[in-house]
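All remarks here apply to the structure that follows.
Note on naming: letters A, B, ... go to the chains in the order of the sequence lines (proteins, then strands), and numbering restarts at 1 for each one.
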Amino acid sequence: MQIEVLAFAHLREQLGFSARMVECSEDQTPRDILGMIAPNILLDKSIRVAVNREYGDWDKPVGRAFEIAIIPPVSGG
Amino acid sequence: MKTHIELTEKAIVLPMEPVDDLEVGAQVDFQGIVRGTEKGDPIQGLNYQAHEPMAHLELAKILDDLAGLHPCDAVWIIHRLGYIPVGEIALFVRVRSKHRKAALRLTDELIDRLKRDVPIWKLS
């Protein structure tokens with residue numbers, strides 16, 4: 001299956017993309033998927049992941065999700 | 001509770017909707033404005049970026065939670081995205097309620113939660 005990986009804010013420059021389709025399997029976790037495309041990225045605790053537009057778990061399999069978004073600390077308002 | 005959530009790249013225009021519920025006795029308006037300095041350095045403006053579909057969903061969820069805690073009549077949230085010059089409005093919130101305390105509390109908690117959980121970023 002394919003999943004879309006989205007990056008925001010400074011992570012766009014670090015990762016080199018804002019959106020990217022990635023080949024993966026249902027039992028892979030967001031951490032596995034990011035590890036395949038950016039093995040050197042440092043995921044500190046402030047970086048959250050959203051699966052299908054809801055905050056999720058870095059270590060829970062993505063199942064048939066269509067999107068994961070890597071969410072650095074937000075700063076709206 | 002009536003809600004209006006809007007993310008826009010255009011300058012924010014304050015809603016002009018008249019009060020249509022005779023039980024409304026309070027209206028709180030909040031405007032978040034781009035300051036002329038960022039971390040002590042002078043700036044001309046800021047860029048705002050968002051995961052727009054998720055930001056809408058998160059704001060709706062927050063309002064759902066807060067409606068149970070602070071019953072209000074109506075809430076408008078308008079967040080501008082893209083480049084915003086200094087002095088212009090980045091965030092507008094309007095809350096109408098029967099009495100002032102519910103509107104003031106909802107406004108305060110809404111902005112706290114927006115700044116914590118809604119995927120919008122200020123980029124200098």
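- Formation of a donor-acceptor pair under 3.5 Å by the Y48(B) side chain with backbone atoms of G77(A) is found in this model.
- Interface residue D117(B): backbone and side-chain heavy atoms are both found under 4.5 Å from chain A.
- Near-neighbour residues of residues 3-40 of chain B relative to chain A, defined by a heavy atom under 4.5 Å from a heavy atom of that chain, are none.
- Here the NZ-CD1 distance, from K115(B) to I120(B), works out to 10.0 Å after rounding to the nearest 0.5 Å.
- Under the 4.5 Å side-chain heavy-atom criterion for Ile, Leu, Val, Met, Phe, Trp and Tyr, V95(B) and V118(B) are members of the same hydrophobic cluster.
- Interface residue R116(B): only backbone heavy atoms are found under 4.5 Å from chain A.
- Between F8(A) and V74(A), every side-chain heavy-atom pair lies at or beyond the 4.5 Å cut-off.
- Contacts between L6(A) and chain B at a heavy-atom distance below 4.5 Å involve the side chain alone, from C-beta outward.
- Annotation for K98(B): atom NZ does not count as buried by contact number, only 12 or fewer foreign heavy atoms lying within 6.0 Å.
- A 4.5 Å side-chain heavy-atom check between M1(A) and F66(A) finds every atom pair outside the cut-off.
- Following chains of ILVMFWY side-chain contacts shorter than 4.5 Å, one can reach V51(A) starting from I70(A), so the two form part of one hydrophobic cluster.
- Using modelled atom types, one side-chain atom of W121(B) and one backbone atom of P72(A) make a donor-acceptor pair closer than 3.5 Å.
- Applying the ring pair (Phe, Tyr, Trp, His ring centres under 6.0 Å) rule to W58(A) yields no partners; only residues at least two apart in sequence or on another chain are considered.
- Looking at L123(B), the atoms closer than 4.5 Å to chain A (heavy atoms on both sides) all sit in the side chain, from C-beta outward.
- Within the 4.5 Å cutoff, the side chain of L91(B) has heavy atoms near those of the L114(B) side chain.
- Note that the CG atom of L106(B) and the CD atom of E109(B) stand 7.5 Å from one another [nearest 0.5 Å].
- I84(B) is connected to V86(B) through a chain of hydrophobic side-chain contacts under 4.5 Å among Ile, Leu, Val, Met, Phe, Trp and Tyr, so both are in one cluster.
- Contacts between A69(A) and chain B at a heavy-atom distance below 4.5 Å involve the side chain alone, from C-beta outward.
- Within residues 58-79 of chain B, the residues that have a heavy atom under 4.5 Å from a heavy atom of chain A are E58(B), K61(B), H79(B), listed by number.
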Residues I68(A), I3(A); criterion side-chain contact (heavy atoms from CB on, under 4.5 Å); working and verdict
CA-CA 7 Å; I68(A) 61 176; I3(A) 197 164; 3.8 Å; yes

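- The residue among R80(B), H51(B), H56(B) with the most heavy atom pairs within less than 4.5 Å of chain A is H51(B).
- Among the residues in residues 10-41 of chain A, those with a non-hydrogen atom closer than 4.5 angstrom to a non-hydrogen atom of chain B are R12(A).
- Heavy-atom distances place no part of A55(B) under 4.5 Å from chain A, backbone and side chain included.
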